[in-house]
Amino acid sequence: MSREESHDETKKSGWESSKLRKLKVYTYVQNKLESLIKKDPILADTFSGSRVDLKNPTKEDYDFALSLCLARSGKLSDEETKIILRNIFSHGMGTSSPDEYFEKIIQKAHATLQGTPSHEKPDRMDHKNLLTGTSLHELFKEEMMTRRERHRATGRSFPGHDTGFPFLNGHLGGIQPGALIGIAGTPGSGKTGFLLALARELAKKDSVKSLFISYHQSMVSLGIALHAALTEIPHQELASGSYNEAHYEKAMKKAQGELDAWGELLVIQEADETFHLSALKLLCEEIRPSVLFLDSFEQIPTGRSMTQEHRFEELYPSLRGMTRDLGIAIVFSATIEKDQEVARFACCDAVLRLYRTTRAPHEEPSNLSLIIEKNRYGRNDLVGVFEFDAPTFTFRERGAISALELP
């Protein structure tokens, strides 16, 4: 080799010549990904070789793989991730990538974890949803004919699925296909019980298939809550095993009779921190529910830590996309403080706030109010009053009042 050729090889300080120096980082990334891939279908698809090949990686492959691992941990901010990427992969390579490059890589990692497309500018506009006024008029007439036939067949005065509660049927139109509805309340206000009651009533009253996803309660806890409602045996007695055996056997036969009629329509899944929205969408495509219940919103994994406000901004496009693409309604619970505004959920079709007012200290059942704070289907500031029996997770509607009548 001539001195000139040797000089050219030494001068080459870009990505290709730095691969060996990055071997330890690559090994860490590879091992970390392999452990994550075993329990994460999105990562398995991403690194199957069709999108990113870590056997013959480019600089962008390395950056994306490491940023994906860092985002998965949820312990670093985007700025901290950017610093790590810049120092590990750009140092000593002769060139330094601009911030826009790292922001693109980090955004791609978050989008992959959520199973959502990155917000890149499309090559061309999609005109398939553009309609003239005349075309929209024709579609409207077809839809009205369909709704008229449905009304004649069922006699219903509302368009959606029957919730079992006249207040919700009358003022929300039931649970309508494609709706995104938030149920907000303080801890212990009855959100999980109310969502479970809705899912139960939809199956029982209207033969509607529901998928109930719990991010913070085990299957055992959900089973106790469901059977407390079906048997009317307090959940404390079911949980401790202190129930009267003769009463239990009789009640369980009654519960079995109900479940034989509609039990297959209620599908329950306990989820963990790896069950992100993309995995949830795949499950919905497999099960094909009409309504998806998410309990609770703040536990849905995003791949990083963030405030509830930013969390909703991050997840809303995916949730709305699921209602549109799958034609399902989504009802989620969210924990808020007593005087906290629900403005962050304003993009939802309806937002309802739950709160409990106990009649007297330690007295059951308590009154539970459900305030409609956002409603694209009708009036706001209406309040449904329910009797809530917490030991059996049962709700009985007592009527409706205007929010102006609240004390």
Side-chain angles (χ1 to χ4, degrees), residues 136-183 193-212 226 229-230 232 254-255 257-267 284 287-293 323-324 326-331 348-352 354 368-389 393-403:
L136 182 60
H137 175 63
E138 293 302 319
L139 285 178
F140 176 78
K141 288 197 299 183
E142 292 179 14
E143 178 64 23
M144 290 303 101
M145 287 289 290
T146 300
R147 296 194 178 203
R148 180 62 178 168
E149 291 302 318
R150 187 188 308 136
H151 171 70
R152 286 173 176 170
T154 63
R156 287 183 184 168
S157 58
F158 55 92
H161 303 302
D162 189 350
T163 65
F165 298 115
F167 175 74
L168 296 181
N169 291 339
H171 298 295
L172 295 185
I175 303 297
Q176 302 195 40
L180 180 60
I181 301 173
I183 308 290
F194 193 74
L195 258 62
L196 201 55
L198 280 177
R200 198 170 63 239
E201 290 297 316
L202 287 172
K204 183 177 179 180
K205 298 278 188 182
D206 211 10
S207 299
V208 172
K209 190 171 189 177
S210 296
L211 175 59
F212 189 100
L226 177 62
L230 293 174
E232 297 186 350
K254 176 187 174 184
E258 281 206 43
L259 292 173
D260 286 342
W262 53 262
E264 295 298 314
L265 295 171
L266 175 55
V267 182
C284 287
I287 294 176
R288 310 301 296 179
S290 295
V291 183
L292 169 64
F293 291 93
T323 65
R324 180 183 61 250
L326 302 179
I328 63 174
I330 296 179
V331 184
C348 292
D349 297 307
V351 183
L352 301 90
L354 274 174
L368 182 146
S369 294
L370 186 62
I371 304 176
I372 300 178
E373 299 200 0
K374 161 71 186 294
N375 183 18
R376 69 183 293 256
Y377 303 114
R379 289 178 54 192
N380 297 348
D381 299 326
L382 292 170
V383 183
V385 180
F386 298 81
E387 187 179 87
F388 175 45
D389 186 39
F393 294 95
T394 53
F395 298 79
R396 294 177 179 84
E397 187 173 324
R398 294 305 186 196
I401 61 174
S402 166

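Quick note: residue numbers are just sequence positions, from 1. On a predicted model such as this, the values are computed, not experimentally measured, just so you know. All values below come from the heavy atoms of this structure, side chains included, with hydrogens, waters and symmetry mates left out.
- Between L326 and R288 there is a side-chain heavy-atom pair separated by less than 4.5 Å.
- Residue K204 places its NZ atom among 12 or fewer non-hydrogen atoms of other residues, nucleotides or ligands, all under 6.0 Å distant.
- Across F393 and A229, no two heavy atoms sit closer than the pair O-CB, 4.0 Å.
- Closest of all the heavy-atom pairs between I372 and H171 is CD1-CB, 3.8 Å.
- The line from CZ of R396 to CZ of F165 is 10.0 Å long, rounded to the nearest 0.5 Å.
- Residues C284 and L292 have side chains in contact (heavy-atom distance under 4.5 Å, counting atoms from C-beta outward).
- The minimum heavy-atom distance linking R150 with P159 is given by the pair NH1-O, 3.5 Å.
- R156 and H161 get closest at one heavy-atom pair: NH1-CA, 4.5 Å.
- The distance from the OG1 atom of T154 to the CD atom of E149 is 11.0 Å, given to the nearest 0.5 Å.
- Annotation: side chain of L202 is in contact with side chain of F293 (closest heavy-atom distance under 4.5 Å).
- Between D349 and R376 there is a side-chain heavy-atom pair separated by less than 4.5 Å.
- The two atoms that bring L230 and W262 nearest to each other are CD2-CZ2, 3.9 Å, heavy atoms only.
- To the nearest 0.5 angstrom, S210 atom OG is 10.0 Å from I328 atom CD1.
- Taking the six-membered ring where tryptophan is involved, the planes of F395 and F388 are essentially parallel, since the angle between them stays under 30° and well short of 60°.
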What verdict does the side-chain contact (heavy atoms from CB on, under 4.5 Å) test give for K209 and I287, after you've listed the backbone C-alpha separation in whole Å, the side-chain angles of each residue and the deciding distance to 0.1 Å?
CA-CA 9 Å; K209 190 171 189 177; I287 294 176; 3.6 Å; yes
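- Rounding to the nearest 0.5 angstrom, the gap separating the NZ atom in K141 from the CE atom in M144 is 12.5 Å.
- The distance from the CG atom of N169 to the OG1 atom of T163 is 3.5 Å, given to the nearest 0.5 Å.
- Residues L370 and F194 form a side-chain contact, since some pair of their non-hydrogen atoms from C-beta on lies under 4.5 Å apart.
- Remark: of the listed residues V351, V291, I175, L168, I175 is the sole one forming a side chain to side chain contact (heavy atoms under 4.5 Å, CB included) with I181.
- Around the CD atom of E232, the shell of radius 6.0 Å holds no more than 12 heavy atoms that belong to other residues, nucleotides or ligands.
- Closest approach of E397 to F386, counting heavy atoms only: CA-CD2, 3.7 Å.
- In this structure, the separation between CG on D381 and CG on N375 is 10.5 Å, given to the nearest 0.5 Å.
- With sequence neighbours excluded, no residue forms a side-chain hydrogen bond (donor to acceptor under 3.5 Å, both in side chains) with E142.
- At a threshold of 4.5 Å between non-hydrogen side-chain atoms, the residues E201 and D162 do not count as touching.
- Salt-bridge annotation for E258 and K254: absent, with no side-chain N of the basic residue lying under 4.0 Å from a carboxylate O of the acidic one.
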